[in-house]
Every structure is written in structure tokens, then in C-alpha cells.
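Down below is the structure, laid out as C-alpha cells.
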Amino acid sequence: QSTKPRATHRRRAAQSVSVKPRTTMASFAANRFAVRGRLVHATETPCVLEYVEDGLVVVDGGAIVAVAKDSPSVESLLRDGDPGVVVELAATDFLVPGLVDCHVHAAQYAYTGTATDKPLMEWLQHYTFPAERRCADVAYARRVYEKLVDRLLANGTTCSAMYATIHVAATKVLVDVCLDKGHRCVVGKVCMDRNGAEGYEETTAAALAGTEEVIEYVKARQPGAAP
């Protein structure tokens with residue numbers, strides 16, 4: 001979601017831990033349901049897609065439990081497979097796997113699509129670091145993160161790797177928002193001990209301690225998660 005690339009050599013890498021959602025986008029995700037219609041998905045062969053004219057995907061508790069790829073198989077699964085509520089796609093619709101965004105700076109969503117008037121290092125100082133510094137206000141951070149995740153899900157991005165900010169409390173909020181809204185992601189606390197804006201740096205010791213605290217928080221909220 002960033003409008004310009006980061007100067008990665010000037011920032012310590014974000015420390016990341018995998019977060020899996022407990023819910024999915026659909027309001028009925030806790031129950032068994034199915035989607036019938038055209039399916040398009042990636043195969044194990046790079047750059048090769050599979051197209052299914054009449055398919056059925058059965059979901060139970062947020063996990064795909066059965067797939068049928070032709071009309072006879074669909075009818076059999078509908079009859080004998082207990083698909084639950086069946087959603088029929090329109091003739092112009094098709095179902096694809098969720099999109100994956102491998103690089104999202106969550107705090108930058110506040111000015112997405114703007115602030116393109118400066119070269120990188122000036123841009124960081126003038127726009128990015130002040131925006132990230134504002135996330136010391138946890139209520140503000142929550143508003144930004146909720147809007148970001150809502151927008152990602154609404155546009156089909158169901159998985160992402162997210163940078164938060166240097167703030168431990170706000171990074172925990174980002175973890176909470178992703179879990180509560182059903183967005184599968186890797187959340188990282190930003191660690192920056194130099195070259196930041198005024199009031200937006202931390203010591204190396206504080207960065208390490210904060211990272212460990214975030215990792216332990218994710219483990220508590222999402223059993224089985226690993227850094």
C-alpha cells in the first residue's frame with residue numbers, strides 16, 4: 001500500500017510472526033457452506049491456471065473440505081456431501097483464490113494514493129515517519145488498521161505481509177484487527193534505531209525487547225504461530 005519504495009538499507013528489518021485468521025470474510029464462515037460456479041486457480045506448474053466451467057467448493061469452519069470440478073461431480077457432492085448453504089455464482093462471476101500482498105506498510109494507508117511529490121528520503125521524513133509516529137496513539141492506529149484491512153478484504157486480498165510501526169501497543173492492535181476480521185497475514189514490528197524522524201527512533205535494546213513482546217503476544221492470541 002505504500003506509494004514509494006522504502007530505503008531498506010536505512011531501516012532494520014521488521015521482525016515477523018505468522019498470524020492465521022480465526023474467522024473468514026463470510027458472515028456464515030463458522031458454518032458449512034459451498035460456492036458453485038466458474039473456478040480459476042493456480043496449479044503447481046508456474047504460470048499455469050486451471051479453469052473449471054462448473055465447479056463446487058465446500059467450506060467448513062473456514063477451511064476448504066471438498067472440491068468438485070465437473071457437473072456430474074458437483075451433482076454428486078450436492079446430493080451426498082452435505083454442502084450446507086450453497087451460493088450460486090452469477091453467469092458473469094468466477095471464483096479465484098485470495099490475492100497475496102507481500103509488502104504492506106500498514107500506517108501508510110492513511111495517505112495512500114497521495115504524497116508523491118518528493119524523492120524517497122525527503123518523502124520518508126515529510127510523510128512516512130510522521131504518519132507512523134502518529135500510531136503511538138493506539139486509537140488512531142486502530143482506525144487506520146481497520147480501514148486498511150477492510151479495504152484489502154473488499155478487494156480480494158486475503159493474505160499479506162504487514163509492517164506495523166516501532167510501537168509495541170499499536171503492533172498488537174494490528175494483530176488483533178487482522179485476526180478479528182479474518183485476514184491471514186504476517187505482522188512485523190518495525191525496528192529502527194537510526195535515520196528516523198524526530199521522536200521516531202528507538203534503541204537497539206528497546207527494539208529487540210519490543211519484538212520479543214510482540215512475538216509472545218501473537219503466540220498467546222494465535223496458538224501454534226511461530227516467528
Side-chain angles (χ1 to χ4, degrees), residues 1-19 99-181 183-218 225 227:
Q1 295 299 312
S2 60
T3 54
K4 289 191 178 180
R6 287 286 194 157
T8 54
H9 63 286
R10 294 185 178 272
R11 304 191 68 177
R12 297 172 62 90
Q15 301 298 311
S16 301
V17 49
S18 179
V19 178
L99 304 177
V100 179
D101 192 329
C102 296
H103 193 115
V104 179
H105 288 276
Q108 295 180 25
Y109 182 70
Y111 61 89
T112 186
T114 66
T116 59
D117 60 323
K118 296 183 181 297
L120 177 59
M121 297 313 297
E122 292 181 27
W123 177 80
L124 289 170
Q125 294 291 334
H126 191 80
Y127 296 114
T128 300
F129 294 154
E132 295 190 4
R133 186 170 53 210
R134 287 191 66 184
C135 289
D137 180 345
V138 175
Y140 168 80
R142 180 176 293 277
R143 290 196 301 272
V144 172
Y145 296 159
E146 287 182 343
K147 291 179 179 178
L148 165 64
V149 174
D150 284 344
R151 177 64 65 86
L152 289 171
L153 292 173
N155 286 278
T157 300
T158 58
C159 180
S160 64
M162 289 198 194
Y163 291 75
T165 62
I166 69 173
H167 311 103
V168 172
T171 304
K172 293 178 180 179
V173 166
L174 181 57
V175 171
D176 291 341
V177 169
C178 290
L179 285 170
D180 294 343
K181 291 183 177 292
H183 184 67
R184 183 186 180 95
C185 67
V186 176
V187 172
K189 175 200 172 298
V190 169
C191 300
M192 184 161 59
D193 59 5
R194 67 195 68 189
N195 299 319
E198 181 180 354
Y200 193 59
E201 289 181 359
E202 58 188 343
T203 65
T204 302
L208 292 171
T211 296
E212 292 177 356
E213 183 175 342
V214 169
I215 290 173
E216 293 306 313
Y217 181 78
V218 173

Exceeds 12 heavy-atom contacts within 6.0 angstrom, atom CZ of Arg133: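 Yes, because the 6.0 Å sphere around CZ of Arg133 holds more than 12 heavy atoms from other groups.
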Nearest-0.5 Å distance that lies between atom [atom1] in [X] and atom [atom2] in [Y]:
X      : Y      : atom1 : atom2 : value
Asp117 : Tyr127 : CG    : OH    : 3.5 Å
Asp150 : Lys181 : CG    : NZ    : 3.5 Å
Leu148 : Cys178 : CG    : SG    : 7.5 Å
Glu146 : Asp176 : CD    : CG    : 10.0 Å
Leu152 : Met162 : CG    : CE    : 5.0 Å
Tyr217 : Lys172 : OH    : NZ    : 7.0 Å

For the residue pair [X] and [Y], what are the closest heavy atoms and their distance?
X      : Y      : answer
Tyr140 : Ala110 : OH-CB, 3.4 Å
Ala164 : Val190 : O-CG2, 3.5 Å
Leu174 : Ala106 : CD2-CB, 4.0 Å
Gly196 : Phe129 : CA-CE1, 3.8 Å
Ala131 : Tyr111 : CB-CE2, 3.6 Å
Val138 : Ala169 : CG2-CB, 3.8 Å

Under-4.0 Å salt bridge between Glu213 and Lys189: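 Between Lys189 and Glu213 there is no salt bridge, as every charged N stays at least 4.0 Å from the carboxylate O atoms.
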Test item: [X] side-chain N/O and [Y] main-chain N/O as donor-acceptor pair under 3.5 Å:
X      : Y      : result
Trp123 : Thr128 : no
Arg142 : Val177 : no
Glu201 : Asn195 : yes
Thr165 : His167 : yes

Full working for side-chain contact (heavy atoms from CB on, under 4.5 Å) between His183 and Thr157: CA-CA 8 Å; His183 184 67; Thr157 300; 4.3 Å; yes
Evaluation steps, side-chain contact (heavy atoms from CB on, under 4.5 Å), between Thr211 and Cys191: CA-CA 8 Å; Thr211 296; Cys191 300; 3.2 Å; yes
